[in-house]
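What you see is a predicted model; the values in this text were computed from it and never measured.
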Amino acid sequence: MGKLVRDKIPDIIRQSGEEPVITVLDDIDYRSALLTKLFEEATELGEASLSDVAEEIADVYEVLRALAMVNGHDWSAIEKVAAGKREERGGFDRRLYLA
């Protein structure tokens, strides 16, 4: 079973003397693979030690940026939507949990 990998991973594998088997996905399969990757990265973030949290957040961020692009959204547009939601509904700074 394969998985979506960052663009330079095949080159890194080649440097180790192996030849990776890669497929370039169409938009539909790419979007699906990105959603799967998002869950994978979110799980890794949840399991990360405090010293690894920043690296795992960076991985989630990259997947979210790719998801925005494949769905036709520029990241700056996503930031504007997020700012609007923060303005209207607030952020998560107060750590409120609705029971």
*Mind running side chain to side chain contact (heavy atoms under 4.5 Å, CB included) on Val24 and Tyr30 for me, showing each step along the way?*
CA-CA 8 Å; Val24 177; Tyr30 178 50; over 6 Å; no
_Residue pairs passing the salt bridge (Lys or Arg N to Asp or Glu O under 4.0 Å) test where at least one lies in residues 8-22, sequence neighbours excluded_ = Asp11-Arg14, Arg14-Glu19
*Shortest non-hydrogen contact from Val5 to Pro10?*
CG2-CD, 4.5 Å
*Can you tell me if CG on Leu96 sees more than 12 non-hydrogen neighbours from other groups inside 6.0 Å?*
yes
*salt bridge (Lys or Arg N to Asp or Glu O under 4.0 Å): pairs with one or both residues in residues 41-64, sequence neighbours excluded*: Arg6-Asp59, Lys37-Glu41
_My understanding is that only one of Thr36, Leu35, Leu34 makes a side-chain contact (heavy atoms from CB on, under 4.5 Å) with Val63; could you say which?_
Leu34
*Single-linkage hydrophobic cluster Leu38~Val81, side-chain heavy atoms < 4.5 angstrom*: no
_Whether Asn71 side chain and His73 backbone form a donor-acceptor pair below 3.5 Å_ = no
*Nearest 0.5 Å, what's the NZ-CG distance between Lys80 and Asp74?*
8.5 Å
*Leu25, Leu67: one ILVMFWY side-chain cluster at the under-4.5 Å cut-off?*
yes
_Quick check: closest heavy atoms across Ala42 and Val60, and the distance to 0.1 Å?_
N-CG2, 4.0 Å
*Rounded distance [0.5 Å steps], CG in Leu64 versus CD1 in Ile78*: 9.0 Å
*Measure the OG-CG distance between Ser32 and Asp27 for me, rounded to the nearest 0.5 Å.*
12.5 Å
*In Å, rounded to the nearest 0.5 Å, how long is the span from OH of Tyr61 to CH2 of Trp75?*
6.0 Å
